[in-house]
J.: 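Below is the structure I would like to discuss, written out as structure tokens.
Read the numbers this way: they start at 1 and go in the same order the structure lists the ligands and their atoms.
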Amino acid sequence: MIAFDRYASPFIATERLTLEPRGALHAERLFASFSDPELYTFLPGDPPLSLEAMRERYQRLETRRSTDGKALWLNWAARQESGTYVGVVEATVHADASAHVAYFVFRPFQRQGFAAEVVEAVLAHLKNDVGVETARALLDTRNEASWRLLERLRFKRDRTIKNADHFKGSKSDEYEYVRDLRGAR
Ligand SMILES: CC(C)(COP(=O)(O)OP(=O)(O)OC[C@H]1O[C@@H](n2cnc3c(N)ncnc32)[C@H](O)[C@@H]1OP(=O)(O)O)[C@@H](O)C(=O)NCCC(=O)NCCS
């Protein structure tokens, strides 16, 4: 594993997109897309309260480190050549060489393979440049788009966590998916 204090987040090129390390500048560019309530159906979060609140949060994320320094907080905004942003991808890297990934693709761009493309590119970066060995994802069991995406990306369902959370008036059971990044891709 790379020493966390030596990590610098790169731009990552995929077939159709550039993944830009997300920072305060992206708040303005992403605010309207993240204001879509449909994105949060199976997530405990809600659309941002204001552009200013979003900017402050993105500013804090620019350190790429958790406050206790024990994890890397990585996040990228995915931009088309035209300048349009299609979504974001996030990864929290832990000292035990595992990482949790999360992803959003804005509605006008869904079902075009963008999530698969950006998550696969971030997994390659985590494996080759950071030394991550195991990727994990936690998601609401009702989030079919998310678990189908993970299965397409060769993640395996590892466990079901009953009553993991409660939001938007109902309980949330969660799946944890895992992919071993060691060995052949
Ligand atoms: C989950 C999400 C990121 C998928 O993004 P996407 O770009 O549409 O996914 P892709 O086009 O790369 O799809 C890859 C595969 O996932 C599956 N999939 C994606 N969306 C699906 C849907 N709505 N229903 C069923 N399967 C779906 C399909 O198997 C698809 O492959 P196929 O199109 O060849 O059949 C997107 O729906 C999203 O942002 N949702 C809201 C935020 C969210 O819940 N994020 C997950 C947090 S854990």
Side-chain angles (χ1 to χ4, degrees), residues 12-20 22 26-27 29-49 54 57-58 61 66 71-94 98-126 132 134-179 181 185:
I12 299 172
T14 72
E15 199 185 328
R16 294 174 291 173
L17 301 165
T18 302
L19 305 188
E20 302 175 340
R22 196 161 20 136
H26 287 98
R29 302 174 191 170
L30 300 177
F31 180 73
S33 300
F34 271 117
S35 297
D36 175 1
E38 294 280 333
L39 281 179
Y40 305 85
T41 307
F42 301 118
L43 306 177
D46 291 300
L49 289 174
M54 195 164 158
R57 194 167 76 77
Y58 283 15
L61 291 176
S66 60
L72 284 179
W73 283 347
L74 310 184
N75 37 75
W76 289 268
R79 187 175 53 78
Q80 289 177 312
E81 208 176 334
S82 63
T84 306
Y85 287 87
V86 305
V88 303
V89 56
E90 308 178 344
T92 303
V93 181
H94 310 284
S98 71
H100 277 90
V101 293
Y103 30 77
F104 286 79
V105 168
F106 307 131
R107 269 200 298 159
F109 306 100
Q110 290 181 0
R111 298 308 298 260
Q112 296 170 49
F114 284 127
E117 184 172 325
V118 299
V119 174
E120 195 66 64
V122 165
L123 293 177
H125 167 62
L126 294 177
V132 171
T134 312
R136 297 177 181 277
L138 281 164
L139 56 141
D140 188 295
T141 56
R142 295 166 294 179
N143 197 345
E144 185 177 350
S146 185
W147 62 254
R148 285 199 182 275
L149 164 73
L150 291 166
E151 291 185 359
R152 161 129 182 240
L153 293 173
R154 293 179 284 130
F155 279 74
K156 300 273 179 267
R157 191 178 294 172
D158 190 44
R159 60 182 180 136
T160 304
I161 310 161
K162 289 276 180 195
N163 290 314
D165 206 345
H166 190 283
F167 55 82
K168 296 170 188 158
S170 59
K171 72 177 177 65
S172 165
D173 298 336
E174 286 181 355
Y175 290 139
E176 184 166 40
Y177 273 80
V178 181
R179 181 169 139 185
L181 300 179
R185 287 183 49 77

J.: Applying a strict 4.0 Å limit to heavy atoms, is S146 in contact with ligand 1?
T.: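 Under 4.0 Å: yes for S146.
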J.: For S172 and D140, work out which heavy atoms get closest and say how close.
T.: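 Closest approach of S172 to D140, heavy atoms only: OG-OD2, 2.9 Å.
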J.: Which residue owns the protein heavy atom closest to atom 12 (O) of ligand 1, what's the atom, and how far is it?
T.: A116 N, 2.9 Å
J.: Which atoms form the tightest heavy-atom contact between E174 and D165, and what is the distance?
T.: OE2-CB, 4.5 Å
J.: I want to confirm something. Looking only at heavy atoms, which of V105, L138, V101 is nearest to atom 39 (O) of ligand 1?
T.: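 Comparing heavy atoms across V105, L138, V101, the nearest one to atom 39 (O) of ligand 1 lies in V105.
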J.: Is there a nitrogen or oxygen of E144 sitting under 3.5 Å from a nitrogen or oxygen of ligand 1?
T.: no
J.: To which protein heavy atom is atom 26 (N) of ligand 1 closest, and what is the distance rounded to 0.1 Å?
T.: R148 CD, 3.3 Å
J.: Check L74, L123, T92 against V101 for a side-chain contact (heavy atoms from CB on, under 4.5 Å) and give me the one that passes.
T.: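 With V101 as partner, side-chain contact (heavy atoms from CB on, under 4.5 Å) holds for just one option, L123.
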J.: Using 30° and 60° as the class limits, which term best fits the ring planes of H94 and H100: parallel, tilted or perpendicular?
T.: perpendicular
J.: Which residue from Y103, F104, Y40 reaches closest to atom 45 (N) of ligand 1 through any of its heavy atoms?
T.: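 Of the listed residues, Y103 has the closest heavy atom.
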J.: To the closest 0.5 Å, what do you measure between CZ (R79) and CZ (R29)?
T.: 8.0 Å
J.: Within the 4.0 Å heavy-atom shell around Q112, which atoms of ligand 1 are there?
T.: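 Those qualifying, in numeric order: 11 (O).
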J.: Assess R159 against Y175: is NZ or CZ under 6.0 Å from the centre of the six-membered ring, and within 45 degrees of the ring's axis?
T.: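 No, R159 does not sit over the ring of Y175.
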J.: Would you say F109 and ligand 1 have an N/O pair spaced under 3.5 Å apart?
T.: no
J.: Hey, is ligand 1 close enough to L43 that some N/O pair sits below 3.5 Å?
T.: no
J.: To the nearest 0.1 Å, how far is atom 23 (N) of ligand 1 from its closest protein heavy atom, and which atom is that?
T.: A145 CB, 3.6 Å
J.: Students should be able to answer this: which protein heavy-atom is nearest to atom 11 (O) of ligand 1, and at what distance?
T.: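 Nearest neighbour among protein heavy atoms for atom 11 (O) of ligand 1, to 0.1 Å: G113 N, 2.7 Å.
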J.: Which protein heavy atom lies closest to atom 5 (O) of ligand 1, and at what distance to 0.1 Å?
T.: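 Answer, as residue, atom name and distance: A115 CB, 3.2 Å.
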J.: Looking only at protein heavy atoms, which one is nearest to atom 36 (C) of ligand 1, and how far off is it?
T.: Q110 NE2, 3.7 Å
J.: Under a 3.5 Å threshold, yes or no: a donor from one side chain and an acceptor from the other, between S146 and Y103?
T.: yes
J.: May I ask you to check whether D173 and T141 show a side-chain donor-acceptor distance below 3.5 Å?
T.: no
J.: Have R22 and Y58 got a donor and an acceptor in their side chains that come within less than 3.5 Å?
T.: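 Yes - a donor-acceptor pair under 3.5 Å links their side chains.
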J.: Is there any N or O on L39 that sits under 3.5 Å from an N or O of ligand 1?
T.: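 No, since none of the N or O atoms of L39 sits under 3.5 Å from an N or O of ligand 1.
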J.: Step through it carefully: locate the ring centre of Y85, locate the ring centre of F109, and say whether they are under 6.0 Å apart.
T.: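 Centroid separation for Y85 and F109: 6.0 Å or greater.
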J.: To which protein heavy atom is atom 44 (O) of ligand 1 closest, and what is the distance rounded to 0.1 Å?
T.: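 Closest protein heavy atom to atom 44 (O) of ligand 1: N143 ND2, 2.8 Å.
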J.: What is the minimum heavy-atom distance between E176 and R136, and which atoms define it?
T.: OE2-CD, 3.4 Å
J.: Minimum distance, heavy atoms only, to atom 14 (C) of ligand 1: which one of E174, R152, R107 is it?
T.: R152
J.: Please write down residue, atom name and distance for the protein heavy atom closest to atom 33 (O) of ligand 1.
T.: R111 NH2, 3.4 Å
